[in-house]
Number of protein chains: 2
Amino acid sequence: MMNTIESVDSSKNLSTRERILDAAEQLFAISGFAETSMRDITKHANVNLAAINYHFGSKDDLINEVFIRCLDPIHDVLQENMDNLIKEAAEPSKALKHIVELVVIRAFQTEQQRHNGAIFMRLLNRAYNESQGKLRSFLAERYKKTLIDCVRFFRLTLPQVQRAEVFWRIHFMLGSLAFAVAGEKEIGAIGTALYQDQHNEKALLRRLTNFLVAGLQAEA
Amino acid sequence: MMNTIESVDSSKNLSTRERILDAAEQLFAISGFAETSMRDITKHANVNLAAINYHFGSKDDLINEVFIRCLDPIHDVLQENMDNLIKEAAEPSKALKHIVELVVIRAFQTEQQRHNGAIFMRLLNRAYNESQGKLRSFLAERYKKTLIDCVRFFRLTLPQVQRAEVFWRIHFMLGSLAFAVAGEKEIGAIGTALYQDQHNEKALLRRLTNFLVAGLQAEA
DNA sequence: TGTACATCAGTGAACGCGCGTTCACTGATGTAC
DNA sequence: TGTACATCAGTGAACGCGCGTTCACTGATGTAC
């Protein structure tokens with residue numbers, strides 16, 4: 001039961017639909033959309049091969065649903081924390097470091113199932129690297145309201161930076177995060193081989209936070 | 001002759017082997033490894049379907065060759081500029097901005113064929129997101145000498161930052177660059193829709209440079 | 001309460017298609033004697 | 001210089017396999033009268 005990829009049905013009695021979404025989310029994040037077959041997903045979810053087409057119509061529609069289910073909760077999380085932040089943000093620069101720390105920790109978090117930051121970062125990167133524009137343009141719509149919240153959120157601690165500038169810096173940050181999450185193991189191993197810097201997640205998170213805070217606060 | 005993806009044989013009389021590598025490089029960068037078929041590549045390169053297996057053995061070996069051909073010249077470019085930089089780097093912080101500017105411009109450069117930075121950034125990102133570790137571990141070896149040069153290069157202007165720290169910051173930078181290159185159009189379009197900030201490459205390069213210079217110079 | 005029909009979740013087996021790879025072959029060039 | 005053989009780049013057609021999708025079907029539950 002402690003496999004690297006554990007079966008998603010484990011005793012929780014989820015519906016077929018949700019078991020498919022859980023399995024697809026994991027496998028797409030790990031292996032990509034084209035590299036993950038319907039047979040992989042249904043085997044992993046312990047459902048019939050035809051169930052994906054029955055519940056979602058097609059593989060492409062399943063991919064869209066996976067993203068919808070990932071993005072929608074982020075909106076809520078941001079809204080919750082926004083109110084708290086406004087109250088406690090006495091000193092903006094400290095507050096920014098606090099936020100970035102939370103984002104970085106979240107991005108590397110590999111919880112059991114929902115709110116798995118590492119899976120989300122991998123999916124996000126795959127979405128931006130997808131060949132056809134289909135998924136990208138689908139996401140662009142859905143993504144907007146989340147992004148508006150993000151920019152508003154970060155602007156609370158970066159009032160002197162223009163909105164469009166914050167918007168781009170958030171994307172630069174996402175790029176660093178996604179790349180670091182995807183390459184953590186390999187990059188860490190190379191670092192160890194070259195500089196005897198034994199890889200350690202805490203140090204990585206600290207380094208990322210330093211880099212990102214400085215980048216976000218850059219002067220125009 | 002001005003197609004979005006132009007045929008690679010155009011009058012240059014390249015060998016079959018090189019025509020295949022050129023076509024594969026472009027198509028892999030645009031669409032990914034799994035999504036690009038041997039038939040796509042050979043059609044694009046204007047060669048026989050069996051020529052890939054004849055010259056490279058298999059599709060996987062072709063992928064490796066594409067990376068070898070991309071990475072090896074970077075080593076040389078760095079070595080060349082290193083000498084110049086040592087001479088002219090009177091003020092380190094200005095020199096860093098100069099370097100980052102060059103890197104950013106290079107990363108977005110879409111030249112006709114060789115030294116195409118945008119293609120390289122896309123390939124790099126795909127390599128880190130590849131499902132099996134095969135390509136990653138193959139690259140890790142080849143990549144090392146290039147990375148050592150990179151770190152030495154950046155340390156010339158960041159002498160106060162530890163080597164392992166510079167090593168990681170370079171990867172954070174690569175992540176931002178790769179994400180920005182891959183998503184330039186979509187992110188730009190969303191930015192325009194949300195903030196009436198009409199997308200313009202010069203502004204993007206300036207923003208990226210600011211963000212990266214600040215991140216690289218972050219205090220520990 | 002009983003019967004007839006409708007809806008729905010799920011299934012097993014098959015479909016045709018495109019994939020990477022293989023193989024026997026061709027034709028040009030190089031080498032040995 | 002001429003003949004026999006070897007090497008090499010390239011080719012056309014086929015191979016088997018795994019893919020996403022479809023379809024007729026089952027069995028359980030809901031609804032109408």
Side-chain angles (χ1 to χ4, degrees), chain A residues 5 7-10 12-67 69 126-127 130-132 134-135 138, chain B residues 5 7-10 12-67 69 126-127 130-132 134-135 138:
Chain A
I5 304 169
S7 215
V8 293
D9 57 340
S10 59
K12 280 189 192 160
N13 246 44
L14 299 169
S15 70
T16 298
R17 214 187 124 87
E18 281 182 277
R19 291 222 302 283
I20 292 171
L21 283 168
D22 287 345
E25 191 179 287
Q26 281 187 54
L27 296 173
F28 285 153
I30 293 167
S31 305
F33 308 120
E35 293 88 344
T36 303
S37 72
M38 313 270 285
R39 284 162 182 82
D40 291 337
I41 298 166
T42 50
K43 213 173 290 172
H44 197 72
N46 222 354
V47 301
N48 186 275
L49 168 61
I52 290 178
N53 289 282
Y54 177 73
H55 283 285
F56 300 94
S58 71
K59 189 185 180 183
D60 278 350
D61 289 325
L62 170 61
I63 294 173
N64 289 351
E65 287 292 326
V66 166
F67 274 94
R69 209 182 54 149
R126 294 201 185 280
E130 208 236 359
S131 46
Q132 304 154 289
K134 288 170 51 186
L135 178 56
F138 166 82
Chain B
I5 304 168
S7 216
V8 294
D9 57 342
S10 58
K12 280 188 195 159
N13 246 43
L14 299 169
S15 71
T16 299
R17 213 186 124 88
E18 282 182 276
R19 291 222 301 282
I20 292 171
L21 282 169
D22 287 345
E25 190 178 288
Q26 281 187 54
L27 296 173
F28 286 153
I30 294 167
S31 304
F33 307 120
E35 293 88 343
T36 303
S37 73
M38 313 269 284
R39 284 162 181 82
D40 290 337
I41 298 166
T42 51
K43 212 173 292 171
H44 197 70
N46 223 355
V47 301
N48 186 275
L49 168 60
I52 289 177
N53 289 281
Y54 177 74
H55 284 284
F56 300 93
S58 69
K59 189 185 180 183
D60 278 350
D61 290 324
L62 169 61
I63 295 174
N64 289 351
E65 287 292 328
V66 166
F67 274 94
R69 208 182 56 149
R126 293 199 186 280
E130 207 234 359
S131 47
Q132 305 154 287
K134 288 169 50 186
L135 177 57
F138 164 83

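Proteins come first, then strands; the chains are lettered A, B, ... in the order of their sequence lines, and each starts at number 1.
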Does R17(A) have any side-chain hydrogen bond (donor to acceptor under 3.5 Å, both in side chains) partners at least two apart in sequence or in another chain, and if so, which? E65(A)
In chain order, what residues pass the side-chain hydrogen bond (donor to acceptor under 3.5 Å, both in side chains) check against N53(A), with sequence neighbours excluded? none
CD1-CG distance between I20(B) and L14(B), expressed to the nearest 0.5 angstrom: 11.5 Å
The reported gap from CZ in F28(A) to OG1 in T36(A) (rounded to nearest 0.5 angstrom) is 6.0 Å
Side chains of [X] and [Y]: does their closest heavy-atom pair fall under 4.5 Å?
X       : Y       : result
V66(A)  : L21(A)  : yes
K59(A)  : I52(A)  : no
T16(B)  : N48(B)  : no
R69(A)  : D22(A)  : yes
L135(A) : F138(A) : yes

In the 5'-to-3' direction, what one-character label does each nucleotide of nucleotides 8-19 of chain C receive under the scheme B = base within less than 4.0 Å of a protein heavy atom, S = sugar-phosphate only, - = no such atom? SBBBB-B----B
When you look for runs of 3 or more Watson-Crick or G-U pairs in a row, both distances below 3.5 Å, which of them include DNA chain D? C:2-33 with D:2-33
For nucleotides 25-28 of chain C, print each protein N/O atom paired with a nucleotide N/O atom at under 3.5 Å, atom names and distance only.
none

Listed by chain and number, what are the salt bridge (charged side-chain N to carboxylate O under 4.0 Å, His left out) partners of D60(A), not counting sequence neighbours? K134(A)
Rounded to the nearest angstrom, tell me the gap between atom NZ in K43(B) and atom P in dG20(C). 12 Å
